Q: 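Let me give you the structure first, and then I'll get to my questions.
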Amino acid sequence: MPEEMDKPLISLHLVDSDSSLAKVPDEAPKVGILGSGDFARSLATRLVGSGFKVVVGSRNPKRTAGLFPSAAQVTFQEEAVSSPEVIFVAVFREHYSSLCSLSDQLAGKILVDVSNPTEQEHLQHRESNAEYLASLFPTCTVVKAFNVISAWTLQAGPRDGNRQVPICGDQPEARRAVSEMALAMGFMPVDMGSLASAREVEAMPLRLLPAWKVPTLLALGLFVCFYAYNFVRDVLQPYVQESQNKFFKLPVSVVNTTLPCVAYVLLSLVYLPGVLAAALQLRRGTKYQRFPDWLDHWLQHRKQIGLLSFFCAALHALYSFCLPLRRAHRYDLVNLAVKQVLANKSHLWVEEEVWRMEIYLSLGVLALGTLSLLAVTSLPSIANSLNWREFSFVQCVATSSAGNTGSGTRRPESQSQDPHLPALHRQTSFLGSRSFCCSLVPVSTPYGHQEDLSWTR
């Protein structure tokens, strides 16, 4: 186990492959990092690649020096905090007190807290990790930032999930300094105000698709209502009145009849709040008054409702293609042929029904194509609103649904405690195995394991 924990989770060839990570000019701003876990290594890699001079403070620099970029200086903690003005604290909350011996060297400096609590810790502690750190170091300026960014995003660049970095702190100058660093690293800083907002910022990674709950429940409710109506009309009523057993329609036919109804209603709910908002503004005679809360929330969920409408329409198209593949459809064709023979009819052609079906299919394809364009234009904004946990969850569900079992390899036990590690663990594919997918849901801390076993959670 100790040998496995000493192995770097960040591939060294990824660190040294970019020449910009190996050479940093002497006049580059210096940044300190306390901690040598996986998040600290990813942070150091990103800072060096962004033109910063990085000094890493470790309790055992000889053992951890090889895990960091060659341009990063790995030394003891006392030396690492002496010269930089901005220092990232990448250790667990319960080990903040072990840094109190550095309080004299840290006086007047900016401490950037990147930690995340678990759900249990978030409910257990009334104060945030950043506020607790500020109470231990009253002579320092504590800024909460980068806790919503995964280690993989730091290492590979802001490509997946949200580029936004919420930043909060009591000193505007400190927030501005950290914001400039976030911009230099390719992220979009978002000023959240004072350090009192740190608890809200730390709760962001704990949330899983909060903006999708209401639209999803709405879509499910509509589906249940329309499905029940179609069941009564197409299955239950023929069975009661004519003793016809049509329960075989439940898995495919009734679902296929229900999906377009849900898609139409959801699509109407996308544009209806805009009409109501315009009418309300015309009635008020101004556009500068706040909308009612129910209308404001409705407007904010329009893109999610629109994507769910497209999802139902796409499922309807797939179910429609599957209708001729059913055994019941084949039996209907055989029965129709037998009836035609018994009726001595050699040619069966109803011009009106043929034209009706042709027009119906053509309009359906055009409608689905138009809805696809609307969905594609909404995808970028939806993707940018996802944090690393939500993005990984969506990728996990998509891969599991596609039946991708991957290589079936099991991650080392030392990697299973950090939700950012799976992204670091994959070098060639984003989702390699089901064991990886299952490890995305729990939320822990955004930094990796420390330099010895006593610091490992």
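In this text, all values refer to a predicted model and were calculated from it rather than measured experimentally. The first residue of the sequence shown is numbered 1, and numbering continues consecutively from there.
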Q: Considering all heavy atoms of both residues, which atom of Met204 and which atom of Pro166 are nearest to each other, and what is their separation?
A: SD-CG, 3.6 Å
Q: Shortest non-hydrogen contact from Val142 to Ala130?
A: CG1-O, 3.6 Å
Q: Rounded to the nearest 0.5 Å, how far apart are CZ of Arg176 and CD1 of Ile167?
A: 12.0 Å
Q: Report all side-chain donor-acceptor pairs from residues 290-297 shorter than 3.5 Å, counting only partners two or more places apart or in another chain.
A:
from	atom 1	to	atom 2	distance (Å)
Asp296	OD2	Gln300	NE2	3.1
His297	ND1	Asp293	O	2.7

Q: Show the numbers, then the answer: is there a side-chain contact (heavy atoms from CB on, under 4.5 Å) between Leu34 and Gln77?
A: CA-CA 7 Å; Leu34 291 177; Gln77 294 178 348; 4.1 Å; yes
Q: Give every donor-acceptor pair under 3.5 Å between a side-chain atom in residues 220-227 and any protein atom, sequence neighbours left out.
A:
from	atom 1	to	atom 2	distance (Å)
Tyr227	OH	Leu250	O	3.1

Q: Less than 6.0 angstrom from the centroid, inside 45 degrees of the normal: does Arg93 satisfy that with respect to the ring of Tyr132?
A: yes
Q: Between Val54 and Val56, what is the shortest heavy-atom contact and its length?
A: CG1-CG2, 3.9 Å
Q: Checking Thr216 side chain against Lys213 main chain: does a donor-acceptor pair fall under 3.5 Å?
A: no
Q: Between Lys109 and Cys140, is there a donor-acceptor pair closer than 3.5 Å when you use the side chain of the first and the backbone of the second?
A: no
Q: Given side chains that start at C-beta, do those of Phe76 and Arg59 come closer than 4.5 Å, heavy atoms only?
A: no
Q: Can you tell if the side chain of Thr75 reaches within under 4.5 Å of the side chain of Val55, non-hydrogen atoms only?
A: yes
Q: Can you name the closest pair of heavy atoms from Phe310 and Ser372 and give their distance?
A: CE1-OG, 3.1 Å
Q: Quick one: which of Val114, Asn147, Asn116 gives a side chain to side chain contact (heavy atoms under 4.5 Å, CB included) with Phe39?
A: Val114
Q: Please give me the minimum heavy-atom distance between Ile33 and Ile87, naming the atom from each residue.
A: N-CG2, 4.5 Å
Q: Which atom pair, heavy atoms only, marks the closest approach of Ala134 to Leu195?
A: CB-CD2, 3.9 Å
Q: side-chain hydrogen bond (donor to acceptor under 3.5 Å, both in side chains), that's the test. Do Glu79 and Ser82 meet it? Break it down for me.
A: CA-CA 5 Å; Glu79 301 176 5; Ser82 58; over 6 Å; no
Q: Go through the structure and list residues passing side chain to side chain donor-acceptor pair (under 3.5 Å) with Ser253, not counting sequence neighbours.
A: Arg326
Q: Stepwise, does the side-chain contact (heavy atoms from CB on, under 4.5 Å) test hold for Ser320 with Asn256?
A: CA-CA 7 Å; Ser320 298; Asn256 188 48; 3.4 Å; yes
Q: I want to check something: taking the side chain as every heavy atom from C-beta on, are Leu280 and Gln289 in contact at a cut-off of under 4.5 Å?
A: no
Q: Would you mind listing every side chain to side chain donor-acceptor pair (under 3.5 Å) that reaches into residues 177-197, with sequence neighbours excluded?
A: Arg175-Asp191
Q: Please report the interatomic distance CG(Leu43) to CZ(Phe68), rounded to the nearest 0.5 Å.
A: 9.0 Å
Q: Flag the pair Val48 / Phe52 as yes when at least one side-chain heavy-atom distance between them is below 4.5 Å, and no otherwise.
A: no
Q: For residues 271-283, which residue pairs pass the side chain to side chain donor-acceptor pair (under 3.5 Å) check, not counting sequence neighbours?
A: none
Q: Kindly indicate whether the side chain of Arg199, heavy atoms from C-beta on, has any atom under 4.5 Å from the side chain of His122.
A: yes
Q: Between Tyr96 and Phe137, does the ring pair (Phe, Tyr, Trp, His ring centres under 6.0 Å) criterion hold? Intermediate values first, please.
A: CA-CA 10 Å; Tyr96 285 168; Phe137 299 93; 8.1 Å; no
Q: Quick check against the 3.5 Å criterion: does Glu202 have a side-chain atom that pairs as donor or acceptor with the backbone of Asn129?
A: yes
Q: Is a donor on one side and an acceptor on the other found under 3.5 Å between the side chain of His301 and the backbone of Pro215?
A: no
Q: Tell me whether Arg302 contacts the main-chain N or O of Leu299 through its side chain, where contact means a donor paired with an acceptor under 3.5 Å.
A: yes
Q: Find the distance between OG (Ser42) and CD1 (Ile149) and round it off to the nearest 0.5 Å.
A: 12.0 Å
Q: Would you please name every residue forming a side-chain contact (heavy atoms from CB on, under 4.5 Å) with Pro210, sequence neighbours left out?
A: Arg207, Glu390
Q: Would you give the length of the straight line joining atom OG of Ser309 to atom CG of Leu267, rounded to the nearest 0.5 angstrom?
A: 4.5 Å
Q: Would Val91 and Leu99 count as a side-chain contact (heavy atoms from CB on, under 4.5 Å) if you check the C-alpha gap in whole Å, the side-chain angles of each, and the deciding distance to 0.1 Å?
A: CA-CA 10 Å; Val91 297; Leu99 303 176; 4.0 Å; yes
Q: Within the 4.5 Å heavy-atom criterion, are Val112 and Val89 side-chain neighbours or not?
A: no
Q: So, does Trp298 use its side chain to make a donor-acceptor pair with the main chain of Leu269 at under 3.5 Å?
A: yes
Q: Go through the steps to decide whether Lys30 and Val86 satisfy the test side-chain contact (heavy atoms from CB on, under 4.5 Å), and finish with yes or no.
A: CA-CA 8 Å; Lys30 184 177 292 187; Val86 179; over 6 Å; no
Q: To the nearest 0.5 Å, how far apart are CG in Leu366 and CG in Leu371?
A: 12.5 Å
Q: First locate atom CG of Asp38, then atom OG of Ser150, and finally report the distance between them rounded to the nearest 0.5 Å.
A: 12.0 Å
Q: Kindly determine whether Ser115 and Asp113 satisfy side-chain hydrogen bond (donor to acceptor under 3.5 Å, both in side chains), including the steps that lead there.
A: CA-CA 6 Å; Ser115 66; Asp113 177 37; 2.9 Å; yes
Q: How about Ile110 and Val143: do any of their side-chain heavy atoms sit closer than 4.5 Å?
A: yes
Q: Any side-chain donor paired with an acceptor under 3.5 Å for Asn230 and Thr258?
A: yes
Q: Answer whether the closest heavy-atom distance between the side chains of Leu111 and Leu106 falls below 4.5 Å.
A: yes
